[in-house]
Amino acid sequence: MAEAPSTTRNPFTHVETPAVGVAVEDLCKSFGTFEVLKHVSFSVAPGEIFVLMGPSGSGKSVLLKHIVGLELPSSGRVTVDNRDAAAEETREQVRMALVFQAGALFNSMTVYDNLALYPREHRIADEAGIREKVMRALQILSLENAAEKFPSELSGGMKKRVAIARALVMEPQLMLYDEPTSELDPVMSATIAEIIATLKDQYRVTTIVVSHDRDLALNISDRVGILMGGELLFLGTPAELRTPTDPRVADFLNPKIDLQNPRFKKLET
Amino acid sequence: MKQLIQILEGLGSTLQLLMRAASYAGTLPRQIGRFVEQCYTIGYTTLPIVAILSFFIGSVLALQSGHAAENFGPKQFIGLLVGLSMAAELGPVMVAVLLAGRVGSAIAAELASMKVYQEIDALETMNIPPARILVLPRLAAILVMMPVLTIIADLVGWFGGAIVAKYTHFISIEPESYFATMRQYMEFRDVWNGLVKAEVFGFVIVLVSCNIGLNTRGGPREIGASVTRAVVVSLILILVLDYFVTKALM
Ligand SMILES: Nc1ncnc2c1ncn2[C@@H]1O[C@H](COP(=O)(O)OP(=O)(O)OP(=O)(O)O)[C@@H](O)[C@H]1O
Ligand SMILES: [Mg+2]
C-alpha cells in the first residue's frame, strides 16, 4: 500500500491542510443520574478510519456529539487536533462534518440549498464554483434528480444520502458518520464504503464511522471499537475482531439464532 | 424561588443571544436576502390585521368620546383625543400585541422545530452560528418594519375615528375640524414617542421569541410549549415595558 500523505488535500480546491487526530480521554457522560458513557478512552490517528460498533442505546451517538462539541463531558476530555472539542474555537480551526443519524437536513431549504449553505456562508467559492461542487456531490450519491426537492419529499434513504452529500461538500478534515448505511441498499452501502476509503487514501480525511455493518468494519476500517453499555469493551484491528476474547463481544458480533431457547424467553424467567 | 432562577436564566440567555447577534452585525449586508424575506414575512402576516383592528379602535374611541361629550364640551376635540390615544398608546401597544401573537409565535415555532430536529446542531457543527443567520436578520427586519406598521396603525385609526365622527348622528363633525384640533394641539413628539415605544416592544418580542425557540429541549410537544411561552412572555413584557418606557419618555 502506498504511503499515506501527512496532510489532507481538499478534493475540490486542492488546498492542503494538516490531518487531524482525535483523542477521547476517560470520558464520562450522565444525563441526570443515568450514566451513558463510563470512562471511555481511545484515540484516532490522523488519517485513520475508526469504526465504532455496539448495540442500540449503548451511547455511540452521544459519543460522536462529544467529538463535535454538541455535548459537554460530565468528566474527562475530548480533543480534536489537540484542541478541546468543547471549545467553540475548535470548530473554527478544524473543519468537521457530522452525518447525523436522522439526517438533520434543513427542512425549509431544497436539497441544493442544503448542500450549498456551507460553502456560501463560508464564502468558499463563487456561485458557479459552488454549483459545480454541489452537483458533483449529488452525482456521487445519485441524487441529481432530487436537487430541487425539499427534505419532506424524500425517502428515508435519500435523506441519508443528502446528509452524506452535504458533509462531502464541506470537505472536512474530520468526518463523522452516524450509521451512514443503515437505510441504504447494498450497492449504495458499498458506494459509501468506497467514498470513505477514497477520502482516506487520497485526501487523508480522518474518519469515525458508527455502524452496525460488519462488512464495512472488516473491509475498510483501520481499527474497530465496540461500545456496550457505555463501556468500550473492544479496541483493535479488524483482524483481531475475527477472534474476539470477550464472550459479550463474540455474542454481539455473531449472535446465534436459537429457536429452541429464544432470547426473549430467557427474559421471562 | 425556582421560578425566579428561571426568569434570571432566561434574562441571561436572552442578553447573551443579543450580544452574539450584535457581534455579527457586520454580516448584515451580505444577508440582505434573508433580511428582505423577514421584512416581507413580518409585514405580510401582520399588516391586514393591524389595519382592521386599528380602524375599529379609532372608531370606538371616537364613538365613546363623542357620547361622553354629547352634553358638554366642544366636540371637535374628539379629533385630538383619538389622535393622541392612537399615537401615544393604543397604536404601539396594539401592534405589539398582534406581533406577539402572529410573529413571535411563528418565530418560536420555527426555531423550536429546527432545534428539536437537530437543524440547529447541524448549523453549529458547520460553524454557522444560528445567531448570525437566524436571529440577526429577524432583529434587523423588526427594527425596520415596526415603525412602518405603527404609522399605518395610527393613520388608519385616525381615519376610522374621522369617519365615525362624521356619520354618527349625535356627533356629526366634519373631518376638517376633526383633523384641525389634531394638527393644532398634537406635537410631532407625541407620534415620535409612540414609535420609540413600538420599536422597543418589537425588538424585545423578536429577541425573546428567538431565545425561547432556540432553547427548546425535547420533542414535538415542547415545540408547542415554547410557542405558548413565547406569546405569554411577550405579552407580559409589552405591558411591563409600556409603563417604564412611557415614564422614561416623559
Ligand atoms: N439528551 C439526552 N437526554 C437523556 N438521555 C439521553 C440523551 N441522549 C441520549 N440519551 C440516552 O443515552 C443512551 C445512548 O444513546 P445514543 O443515542 O448514544 O445510543 P446509540 O448507541 O447511538 O444507539 P442507536 O444505535 O440506537 O442509535 C440512550 O439510552 C439514550 O436514552
Ligand atoms: Mg445512535
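Within every chain, numbering begins at 1; the chains are lettered A, B, ... in the order of the sequence lines, protein sequences first and strands thereafter.
Open room surrounds OH on Tyr243(B); 12 or fewer heavy atoms of other groups in view lie less than 6.0 Å from it. Atom CZ of Phe203(B) has more than 12 heavy atoms from other residues, nucleotides or ligands within 6.0 Å. For Glu144(A), the CD atom sits in a packed shell: over 12 heavy atoms of surrounding residues, nucleotides or ligands are nearer than 6.0 Å. Taking a 6.0 Å sphere around CZ of Phe55(B), one finds it holds more than 12 heavy atoms contributed by other residues, nucleotides or ligands.
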Exercise for review: Give the intermediate values and the outcome of salt bridge (charged side-chain N to carboxylate O under 4.0 Å, His left out) for residues Arg34(B) and Glu121(A).
Suggested key: CA-CA 12 Å; Arg34(B) 287 193 189 104; Glu121(A) 283 300 315; 2.8 Å; yes
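Ile120(B) does not touch chain A: none of its heavy atoms, backbone or side chain, sits under 4.5 Å away.
From Met96(A), atom CE reaches atom OG1 of Thr125(B) across 8.5 Å, with rounding to the nearest 0.5 Å. Here the CE atom belonging to Met126(B) is positioned 12.5 Å from the CZ atom belonging to Arg95(A), to the nearest 0.5 angstrom.
Scanning residues 102-120 of chain A against chain B with a 4.5 Å non-hydrogen threshold yields Ala102(A), Ala104(A), Leu105(A), Phe106(A), Asn107(A), Leu117(A), Tyr118(A), sorted by number. The stretch residues 65-93 of chain A places Lys65(A), Val68(A), Leu70(A), Glu88(A), Arg91(A), Glu92(A) near chain B, each with some heavy atom under 4.5 Å from a heavy atom of that chain.
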